[in-house]
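Scroll down for the structure; my scribbles are underneath it.
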Number of protein chains: 2
Amino acid sequence: MQDEQIDAMAKLLKSMSHPIRLKILCLLQDKELSVGEIRAQVKTTNANISQHLNILRGQGIIDFRKDANFIYNRISDRRILELIKKMHNLFCPSL
Amino acid sequence: MQDEQIDAMAKLLKSMSHPIRLKILCLLQDKELSVGEIRAQVKTTNANISQHLNILRGQGIIDFRKDANFIYNRISDRRILELIKKMHNLFCPSL
DNA sequence: GTTGTATTTCATCTTTTAATGTAATAGTTG
DNA sequence: CAACTATTACATTAAAAGATGAAATACAAC
């Protein structure tokens with residue numbers, strides 16, 4: 001890996017390496033969820049969720065669609081799904 | 001994944017998500033290296049390298065052996081090797 | 001248009017992380 | 001033991017990330 005790729009990869013990992021964001025990604029593994037549905041599972045404020053979602057969006061990890069006044073989020077990069085799956089296999093093989 | 005596992009995983013990812021630390025891990029993929037050898041490839045100070053190594057050690061990602069006044073570092077967790085390999089495949093398939 | 005719900009933006013504060021320089025430690029060689 | 005090399009520890013500073021609360025936006029329903 002060249003330095004530029006390492007930097008990009010580090011940035012990607014960093015965006016995944018916050019407990020709230022990692023949890024959001026896990027929740028979004030198999031379905032899309034609105035902000036409110038996410039907040040119900042992640043114990044923090046709406047504003048905080050929103051900020052974390054923005055980080056994931058900025059990184060291109062997730063995107064969203066609007067429906068009425070709900071915003072449904074989903075993982076937009078298949079590689080992230082694979083990476084999460086791999087981490088799961090490696091570090092939580094029993095589940 | 002339960003919350004505790006998510007927290008642990010996030011912590012692990014965080015320790016890998018700094019460009020210098022990720023580069024160190026890449027360098028250590030196939031061989032052990034002394035602090036000086038690492039510093040030669042990562043452009044920063046000795047003290048800084050040392051601090052980053054400490055973070056990786058604290059996380060149990062790498063360990064080291066002493067020989068004379070050199071300290072040789074290596075990746076001690078096979079799962080980290082696999083994870084790096086997977087990231088490589090997913091995000092830099094051309095290399 | 002007013003009310004209500006969902007989400008975001010903004011500003012601020014706090015906490016954490018990273019970098020830097022210097023001093024200290026450990027080991028080697030003469 | 002003096003001089004030297006490699007590495008770490010410590011203290012300080014600088015920078016970035018995270019949380020919080022209040023205000024703003026967007027849409028829907030009445």
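Note that the structure is predicted; figures quoted are calculated from it, not measured. Numbers restart at 1 for each chain; the letters A, B, ... are given by sequence-line order, proteins then strands.
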Does [X] have a side-chain nitrogen or oxygen under 4.0 Å from the phosphate oxygens OP1 or OP2 of [N]?
{"X": "A:K14", "N": "D:dA16", "result": "no"}
{"X": "B:N69", "N": "C:dA26", "result": "no"}
{"X": "B:H18", "N": "C:dA19", "result": "yes"}
{"X": "B:H52", "N": "C:dA19", "result": "yes"}

Which nucleotide, [options], lies nearest any side-chain atom of [X]?
{"X": "A:K66", "options": "C:dT7, D:dT7, D:dC27", "answer": "D:dC27"}
{"X": "A:A68", "options": "C:dA11, D:dA28, C:dT20", "answer": "D:dA28"}
{"X": "A:I55", "options": "D:dG18, C:dT7, C:dT8", "answer": "D:dG18"}

By nearest-nucleotide position on DNA chain D, the 5'-leaning member of A:R21 and B:I49 is B:I49
Need one value for A:A47: base, sugar-phosphate or nothing, where a base atom within 4.0 Å counts as base even if backbone is also close, heavy atoms only. base
Looking for any heavy atom pair under 4.0 Å, which part of the strands does A:R39 touch: base, sugar-phosphate only, or nothing? nothing
According to salt bridge (Lys or Arg N to Asp or Glu O under 4.0 Å), who are the partners of A:K14, at least two apart in sequence or on a separate chain? none
I want to check a possible cation-pi pair here: B:R57 against B:F64, using under 6.0 Å from ring centre and within 45° of the ring axis as the test. yes
Can you tell me the distance, in whole Å, between the NZ atom of A:K11 and the P atom of D:dA16? 13 Å
